[in-house]
Amino acid sequence: MPELPEVEGAARYLDAHIAGRTLRAVAWLHPSLQRGTALHADALVGQRVERVRRVAKWQEILFVDGAVMVVHFRMTGDWAVTTRATAPTYARAHFTFSGGRHLWLVDPRALSRIEVRQPGVLSSNVRVGPDALDPALDADSLRARLSTRRIPIKQALLDQSVVAGIGNIYAAEALWKARIHPAAPASQLSRARVARLLDGVRWTMGLALAQMGRHQYGTATDRFSVYDREGEPCPTCGTRIARITQGQRSTYFCRRCQRS
DNA sequence: TATGGCCTGTGG
DNA sequence: CCACAGGCCATA
């Protein structure tokens, strides 16, 4: 569920809690996490965390000896840190760290994924495009990346190999901000429109990041302009916000402000 | 490029 | 009961 800003917030939160600490124990609390990952995790016990960083929508927990635990929250993952060993509701994995810190992967749908990499071992590589907030990504390069995609712009934004970090909410928000119709063919956007879109992506994610100071998402729906607001007035023009389905996902937009 | 599946929960 | 959920992967 988390997109770039939420994952960034989660990674910072995690870094603040476990950087410098030593992993003491690992337990998998859901069968979906027990396939494959459990074996390698044992090797991490006894090792110290160097830091935690975000890569696209992944979090990488870097250990001082070079091992890496990679976590993807998918739709509903989140962290909880406690000082007691009592599992929160929907806890799917349990990590005990030195200093009496307990880290829980909390995920009602249990779609989160965890991989462990040893130094020098490359994981099954996922192709990800440039980070949405990468300053090196400009309108021309984004337009070039979109130019071959024969799909609607909304769906292209969700494709992590085009740009990394955007999800269903911020795709809708950015398109609204940029006044671009979500069904517009990705390959046919003018340079000016792509520039506006990139601004929209950064504006909407920058806002979210600023609010993210303290790793919380899921509550305030009022921070969105169109997402999950079908039938409510567009903040710009008052037109009722529409919902359509694109690639099995809901898209919210304003028919008046966002034209093809 | 489009689809079903992964999982479980919530709300209409 | 059904639709839908801030994601991604394997498959056709």
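Here is the naming used below: chain letters follow the sequence lines, and residue numbers restart at 1 for every chain.
- Rounded to whole angstrom, the span from the OH atom of A/Tyr252 across to the C1' atom of C/dA5 amounts to 9 Å.
- Aromatic pair A/His181/A/Phe253: centroids less than 6.0 angstrom apart.
- Nucleic acid contact for A/Ile151: sugar-phosphate only, since backbone atoms but no base atoms lie under 4.0 Å from a heavy atom of the residue.
- Rounded to a whole Å, the CG atom of A/Asp107 is 13 Å from the P atom of C/dG7.
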Step by step, work out the side chain to side chain contact (heavy atoms under 4.5 Å, CB included) result for A/Phe63 and A/Arg48.
CA-CA 6 Å; A/Phe63 289 83; A/Arg48 197 157 59 88; 5.8 Å; no
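- A/Leu197 CG to A/Leu157 CG: the interatomic distance, rounded to the nearest 0.5 Å, is 5.0 Å.
- Comparing A/Tyr90 and A/Arg149 by the nucleotide of DNA chain B whose heavy atom lies nearest to each, the residue mapping closer to the 5' end is A/Arg149.
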Pairing of DNA chain B as dot-bracket, 5' to 3': ( ) intra-strand, [ ] crossing, | other strand, . unpaired, with Watson-Crick or G-U pairs under 3.5 Å?
||||||.|||||
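- Across the protein-nucleic acid pair, A/Gln59 atom CD and C/dC8 atom P stand 13 Å apart, rounded to whole Å.
- In this structure, the CD atom of A/Gln160 is 9 Å from the P atom of C/dC9, given to the nearest Å.
- Rounded to whole Å, the distance from CD1 on A/Ile166 to P on C/dC8 is 11 Å.
- Distance check on atom C1': C/dC1 versus B/dC6 gives 22 Å, rounded to whole Å.
- Place A/Leu158 and A/Arg109 on DNA chain C by their nearest nucleotides, and A/Arg109 ends up nearer the 5' end.
- Nucleotides C/dC4 and B/dC7 place their P atoms 22 Å apart, quoted to the nearest Å.
- The phosphate of C/dC8 has OP1 or OP2 within less than 4.0 Å of a side-chain N or O from A/His72.
- Checked for salt-bridge contact, A/Arg117 and A/Glu60 meet the test: a charged N lies under 4.0 Å from a carboxylate O.
- The interatomic distance linking A/Phe73 (CZ) with C/dC9 (P) rounds to 17 Å, in whole Å.
- As a whole-Å value, the separation of A/Arg249 CZ from C/dA3 P is 17 Å.
- The pair A/Lys177-A/Glu173 does not meet the salt-bridge criterion, since no charged nitrogen lies less than 4.0 angstrom from a carboxylate oxygen.
- Looking at heavy atoms from C-beta onward, A/Asp78 lies out of side-chain contact with A/Asp107 at the 4.5 angstrom threshold.
- For the pair A/Arg113 and C/dC8, the criterion of a side-chain N or O lying under 4.0 Å from OP1 or OP2 is not met.
- Between the CZ atom of A/Arg243 and the P atom of C/dA5 there is a distance of 6 Å, rounded to whole Å.
- With both ends at atom P, the span from B/dG9 to C/dC8 equals 22 Å, rounded to whole Å.
- Using cut-offs of 30° and 60° for the angle between ring planes, the A/Phe73 and A/Trp79 rings count as perpendicular.
- Boundaries of the chain A contact region on DNA chain B are B/dT1 to B/dG9, first to last in 5' to 3' order (nucleotide atom under 4.0 Å from a heavy atom).
- A salt bridge links A/Asp140 with A/Arg191; the closest basic N to acidic carboxylate O contact falls under 4.0 Å.
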Stepwise side chain to side chain contact (heavy atoms under 4.5 Å, CB included) test for A/Phe95 and A/Val45:
CA-CA 9 Å; A/Phe95 305 92; A/Val45 170; over 6 Å; no
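- Here the straight-line distance linking atom NZ of A/Lys154 with atom OH of A/Tyr252 works out to 9.5 Å at 0.5 Å rounding.
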